[in-house]
Amino acid sequence: MKKIYSTFFALLATGLTVAYGQSQRLVLVDHFTQASCGPCASQNPQLEATLQANSGSVIAVKHQVSWPGSDPMNAHYPAGPEDRRNFYGITGVPNTCLDGSGPGAPNTIVTSTTIGARAAVPSPFTVTPTFSVANGVISVDVDVTCTQAVSGDLKVFIAVVENEIIFSTPPGSNGETEFFNVLKQYIGGTSGNAVAASWAVNDNATVSGSWTHTNVYDENQLAVIAWVQDMTTKEIHQAGYAPPVAQHNLNAMAFAVDGVPTEVCDGSISPVVNIRNAGGTDLTSLTINYDVNGTAATPYTWTGNLPFLSNEDVTLPALAFSAQATNTLTITLSAPNGGTDEFAGDDVITASFDAANTGTQDVTLTIVPDNYGSEITWTVKNSGGTTLYSGGPYTDGQTTPEVINMTLGANDCYEYTQNDSYGDGICCAWGNGSYTLTSNGSTLLTGGEFSDEITRLFKVELAGIDEQTLVNNFDVYPNPTSDVANVVMNLNETAEVIVEVYTANGQKVHASNKGELVAGEHAFTVDFSNLEAGLYFVEVTAGNTKVSKRVTNMK
């Protein structure tokens, strides 16, 4: 608070003439950040929470600068952030200015106290931006009216921002996926628009301009922030905000999809689709069709009430499918409010996932810590959620590989979770850390780039790879099933054969001794119609050989 007032009186001493104004002030925050800046990722959430808590008093422009690493939002418009940070003399991020005061640490410069103190200082202007978007062109008018005499080296800045940008995966290396009020363009240039140097009460000016927008993630998220700033003292006298406007009346957007793991152990998923109302009319009903690998789509009817730019997670019923090495989930929205979607370009969203790799019961985990091993932990759980193995944290600066040998039960799906408490993964900003799981010489999982947590799946379906000497071409179909499943196999020599079925928790629910069978092709049936829906394992024992197959029973 002292800093704000000392800056304000310093401005008076430089010759700026301002009497107490008559307009309520909207405080402007210039924030400088970057998608590959680690400290930005740790400080930005608190800053955003402060801005949201004071949303009626403050508005922010987020400048994505060009360093320290990759940031596509800077690549879209590098001149704006570069010229603005030079204007303030900023050499590091994160960094922030409040109504031209600063720069400084974001959560020191911007607090509820500093916002409230600055908002209580009356402004000599009202600033009212309006805009429209048509055919890819945003047209802006900014009305500026003087409510108390003022003079100085004044400019009107017009910033087009994208209100919200959400990435499914981090666009940089710091793990951030959510960005707000990102600068897309300065209309009239990065040095502002010239206006009169001296203003009397009721003096008025309209500053207009347009931009044929490029590199915009969502046109519906475009907004305009305008402000009057003294170029000599850097004080911002007043800001104004025009929020996003709907470009269509009926427009349902498939915004994001969740509930789809990187790998699956069986042919069943329960996806969660995040829907957004991108239309001006409240969204009250919607048809959601979804399928895997282009099979017949399953319809789902959603009802609710979503205003413009509101979102809702919709958990879809479990979908059974025949898993392939690589699989694609497709979700399509249609019939918003029983009508026709006016923009079909955002109706479809897809997600790809693989079939989990399979290993033997002996699995080796190799952890290579990055430079901050104290942030690293991991767990291995079975399908029942029991933690079987865990490790970490490790020692900072110690990057020697940690090797853990595990013995896991056969016929199960295992969940490997890698954590990093700082939220920047274990590769590659602060060392080349990694995790690798191998079995019998084959790689089951490997990686290192994530944010705070990543969960991967792998299977152990065989007691030992060298035990498959008697059985070839073993399969169970149809899978998923809801009735009778066929079990087929080829025996290399005569052997006694037993067919058993186990639940995911290891409970035997079916057993059939087929007696001694000669070498050659054999087929059996297993009746699943009286079993509850869920995951099962069909296990065939031929002599000393055991083979198993995961089967999903759909009811």
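Bear in mind that the values here come from a model prediction, so they are computed numbers and not experimental data.
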Between Phe180 and His31, is the ring centre distance below 6.0 Å? no
If only atom types and distance count, is the side chain of Tyr290 paired as donor or acceptor with the main-chain N or O of Pro317 below 3.5 Å? yes
Under a 3.5 Å threshold, yes or no: a donor from one side chain and an acceptor from the other, between Asp354 and Thr326? yes
Apply side-chain contact (heavy atoms from CB on, under 4.5 Å) to the pair Val380 and Met406, showing each step before the final yes or no. CA-CA 10 Å; Val380 173; Met406 300 178 287; 3.8 Å; yes
Does a side chain donor of either Asn405 or Thr364 reach within less than 3.5 Å of an acceptor in the other side chain? yes
For Gly267 and Ala323, the nearest pair of non-hydrogen atoms, with its separation, is CA-CB, 4.4 Å
For a 4.5 angstrom cut-off between non-hydrogen side-chain atoms, does Val501 reach Phe528? yes
Kindly indicate whether the side chain of Asn311, heavy atoms from C-beta on, has any atom under 4.5 Å from the side chain of Met253. no
How far does CD1 of Ile426 sit from CG of Asn371, to the nearest 0.5 angstrom? 11.5 Å
Taking every heavy atom of Ala495 against every heavy atom of Ala542, the minimum-distance pair comes out as CB-C, 4.2 Å
Minimum heavy-atom distance Ile275-Val314, with the two atoms named: CD1-CG2, 4.0 Å
Using modelled atom types only, decide if a donor and an acceptor are shared between the side chain of Asp412 and the backbone of Asn382 within a distance under 3.5 Å. no
Any side-chain heavy atom of Glu263 sitting closer than 4.5 Å to one from Asn357? no
Is a side-chain donor or acceptor of Asn419 paired with a backbone partner of Glu453 at a separation under 3.5 angstrom? no
Any Ser322 side-chain heavy atom under 4.5 Å of Asn293 side chain: no
Between Thr303 and Ser285, do the side chains contain an N or O donor and an N or O acceptor separated by less than 3.5 Å? no
Output the distance between atom CZ (Phe474) and atom CE (Met489), rounded to the nearest 0.5 Å. 8.0 Å
Could you list all the ring-ring contact (aromatic ring centres under 6.0 Å, His included) pairs where at least one residue sits in residues 252-278, not counting sequence neighbours? none
Between Asn492 and Asn472, is there a side-chain donor-acceptor contact under 3.5 Å, judged purely by atom types and distance? yes
Strictly distance-based, threshold 3.5 Å: is any side-chain N or O of Asn479 a donor or acceptor partner for the main-chain N or O of Thr552? yes
Can you see which heavy atom on Gln418 is nearest to which on Thr377, and at what distance? NE2-O, 3.3 Å
Identified side-chain contact (heavy atoms from CB on, under 4.5 Å) counterpart of Pro244 within the set Leu222, Leu309, Asn220: Leu309
If you define the side chain from C-beta out and look only at heavy atoms, does anything of Asp313 sit under 4.5 Å from Asp258? no
Using only atom types and a distance under 3.5 Å, with no angle test, would you say the side chain of Arg456 pairs donor to acceptor with the backbone of Thr446? yes
Using distance alone, with no hydrogens and no angle criterion, decide if Asp527 and Ser529 have a side-chain donor and acceptor under 3.5 Å apart. yes
With heavy-atom distances below 4.5 Å as the criterion, would you say the side chains of Val363 and Tyr414 are in contact? no
Pairwise side-chain contact, Met73 with Phe167, heavy-atom cut-off 4.5 Å (strictly under): yes
CG of Asp424 to CZ of Phe450: how many Å apart, nearest 0.5 Å? 8.5 Å
Salt-bridge present (Glu500, Lys546; N to O < 4.0 Å): no
Value for CG (Asp483) from CG (Leu531), rounded to nearest 0.5 Å, stands at 11.0 Å
Candidate pair Val497 and Phe524, rule side-chain contact (heavy atoms from CB on, under 4.5 Å), full reasoning: CA-CA 11 Å; Val497 174; Phe524 321 107; 4.2 Å; yes
Rounded to the nearest 0.5 Å, what separation is found between the CD1 atom of Ile367 and the CD1 atom of Ile376? 7.0 Å
Just by distance, do the side chain of Gln34 and the backbone of Val93 share a donor-acceptor pair under 3.5 Å? no
Step by step, would you call Asn251 with Asp341 a side-chain contact (heavy atoms from CB on, under 4.5 Å)? CA-CA 5 Å; Asn251 181 18; Asp341 197 306; 3.1 Å; yes
For the residue pair Thr332 and Asn289, confirm or rule out a side-chain donor-acceptor distance under 3.5 Å. no
Given 3.5 Å as the limit, does a donor-acceptor pair link the side chain of Asp362 with the main chain of Thr407, or not? no
Which residue, His63, Arg85, Lys62, forms the side chain to side chain donor-acceptor pair (under 3.5 Å) with Asp30? His63
What closest approach, in Å, do Ser42 and Tyr422 show between heavy atoms, and which atom pair accounts for it? OG-OH, 3.9 Å
Does the side chain of Thr494 reach to within under 4.5 Å of the side chain of Glu516, using non-hydrogen atoms? yes
Could you go step by step and tell me if Ile331 and Leu316 meet the side-chain contact (heavy atoms from CB on, under 4.5 Å) rule? CA-CA 10 Å; Ile331 299 176; Leu316 301 173; 4.2 Å; yes
Check: Thr50 side chain, Thr111 main-chain N or O, donor-acceptor pair, under 3.5 Å: no
Yes or no on side-chain hydrogen bond (donor to acceptor under 3.5 Å, both in side chains) for Ser334 and Thr287, after CA distance, side-chain angles and deciding distance? CA-CA 5 Å; Ser334 63; Thr287 298; 4.5 Å; no
Using atom types as modelled and distance alone, determine if a side-chain donor or acceptor of Asn74 lies under 3.5 Å from a backbone N or O of Tyr77. no
Donor-acceptor pair, side chain of Asn490 and main chain of Asn473, under 3.5 angstrom: no
Kindly give the heavy-atom pair with the smallest separation between Pro170 and Thr177, and that separation in Å. N-CG2, 3.7 Å
Here the gap from Tyr394 atom OH to Ser374 atom OG, rounded to the nearest 0.5 Å, amounts to 12.5 Å
Quick check: Tyr435 with Phe458 (ring centres under 6.0 Å apart)? no
Evaluation steps, side-chain hydrogen bond (donor to acceptor under 3.5 Å, both in side chains), between Thr455 and Thr417: CA-CA 4 Å; Thr455 296; Thr417 300; 3.1 Å; yes
Side-chain donor-acceptor contact under 3.5 Å, Thr366 with Thr436: no
